[in-house]
Enquirer: 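Can you keep this structure in mind? I'll have questions shortly.
Fair warning: this is a prediction, and the values are worked out from it, not measured in the lab.
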Amino acid sequence: MADHLDAREPVAFNAMPDNAAAEALSACCASTAWVRAVLAGRPYASGAHLMQAANDALAAMSEDDVDEALAAHPRIGAAPDESAAATTASHHEQAGVQDAAAAIREALAAGNREYERRFGRVYLVRATGRSADELLTILHRRLDNDPATERAVVRAELGEINRIRLQKLLVGT
């Protein structure tokens with residue numbers, strides 16, 4: 001998922017005090033290990049270098065680290081937890097669900113419960129730019145995955161979400 005922001009020099013991000021940069025990164029991904037790894041790579045010469053470091057940090061995350069990151073993500077279609085670091089981001093990312101018909105929201109809630117029973121974690125999907133119907137279709141398809149396949153899909157989705165949030169961080173800094 002590369003775009004013109006990948007080449008942008010993250011000057012303001014590099015100049016942030018460590019605690020402010022860590023807080024900004026935590027809003028992108030709530031894994032402490034991921035935040036530490038990305039923070040340790042500063043200064044970044046470009047957005048592309050930052051994105052590569054984020055991808056490398058994700059690849060190095062343990063399953064416990066992934067679970068820590070997932071804990072900050074609300075269920076698709078559910079109101080975000082006000083204490084979550086990524087509350088505002090999740091709310092905007094799930095905009096396609098907010099105005100969905102009640103039947104679709106109920107189907108998503110039921111699908112979320114089934115997913116959690118099957119895989120033991122929250123259904124994570126890049127919701128940005130997707131409708132509620134599309135998210136429900138993806139959910140039903142992923143329920144057929146075996147656990148190992150689904151773990152790989154979750155990491156890929158988490159990576160997409162992290163990159164979108166990092167790009168927004170670069171624009172905002």
Side-chain angles (χ1 to χ4, degrees), residues 1-3 22-39 51-169:
M1 170 175 212
D3 72 21
E23 185 176 326
L25 289 171
S26 291
C28 296
C29 181
S31 163
T32 306
W34 184 88
V35 169
R36 269 196 309 263
V38 176
L39 190 63
M51 295 299 167
Q52 186 58 54
N55 292 340
D56 293 346
L58 177 63
M61 285 169 54
S62 71
E63 285 302 307
D64 287 341
D65 296 331
V66 171
D67 288 340
E68 181 184 20
L70 295 180
H73 289 270
R75 288 179 183 91
I76 295 294
D81 177 355
E82 292 302 321
S83 65
T87 296
T88 302
S90 293
H91 180 74
H92 291 293
E93 291 161 358
Q94 293 190 31
V97 178
Q98 295 166 15
D99 294 328
I104 297 293
R105 289 194 316 272
E106 290 168 13
L108 277 167
N112 280 325
R113 289 188 299 273
E114 177 61 25
Y115 183 96
E116 289 172 19
R117 274 193 296 276
R118 175 144 167 65
F119 297 111
R121 55 176 41 156
V122 69
Y123 163 55
L124 183 77
V125 62
R126 177 194 47 84
T128 301
R130 290 180 168 159
S131 70
D133 288 330
E134 192 175 358
L135 296 171
L136 183 58
T137 298
I138 294 166
L139 172 57
H140 286 153
R141 186 175 57 239
R142 285 177 51 190
L143 284 168
D144 291 333
N145 286 344
D146 62 83
T149 299
E150 187 56 23
R151 279 192 301 275
V153 170
V154 166
R155 280 182 184 265
E157 294 289 331
L158 183 59
E160 286 187 41
I161 293 165
N162 291 352
R163 284 186 293 280
I164 288 168
R165 291 177 178 182
L166 280 169
Q167 287 174 347
K168 288 180 180 181
L169 173 65

Enquirer: So, Arg163 versus Asn55: side-chain donor-acceptor pair below 3.5 Å or not?
Expert: yes
Enquirer: Kindly say whether Ala100 contributes a backbone atom to a donor-acceptor pair with the side chain of Arg105 at under 3.5 angstrom?
Expert: yes
Enquirer: Spell out, as yes or no, whether a donor-acceptor pair under 3.5 Å connects the side chain of Asn112 to the backbone of Tyr123.
Expert: no
Enquirer: Using the rule side chain to side chain contact (heavy atoms under 4.5 Å, CB included), only one of Val66, Val122, Asp67, Thr149 pairs with Val154; which is it?
Expert: Val66
Enquirer: What are the two closest non-hydrogen atoms of Ala54 and Trp34, and how far apart are they?
Expert: O-NE1, 3.1 Å
Enquirer: Is Glu160 salt-bridged to Arg155, going by a charged N under 4.0 Å from an acidic O?
Expert: no
Enquirer: Test your reading of the model: is there a side-chain donor-acceptor pair from Asp56 to the backbone of Ala53, 3.5 Å cut-off?
Expert: no
Enquirer: Salt bridge between Glu150 and Arg118, side-chain N to carboxylate O under 4.0 Å?
Expert: no
Enquirer: Taking side chain as C-beta onward, heavy atoms only, is Glu116 less than 4.5 Å from Arg75?
Expert: yes
Enquirer: Side chains of Glu63 and Arg121: does their closest heavy-atom pair fall under 4.5 Å?
Expert: yes
Enquirer: When you compare the side chain of Arg126 with that of Leu158, does any pair of heavy atoms fall below 4.5 Å?
Expert: no
Enquirer: Looking only at heavy atoms, which two atoms of Ala107 and Leu136 are closest? And how far apart?
Expert: CB-CD2, 3.6 Å
Enquirer: Ile76 versus Leu124: any side-chain heavy-atom pair under 4.5 Å?
Expert: no
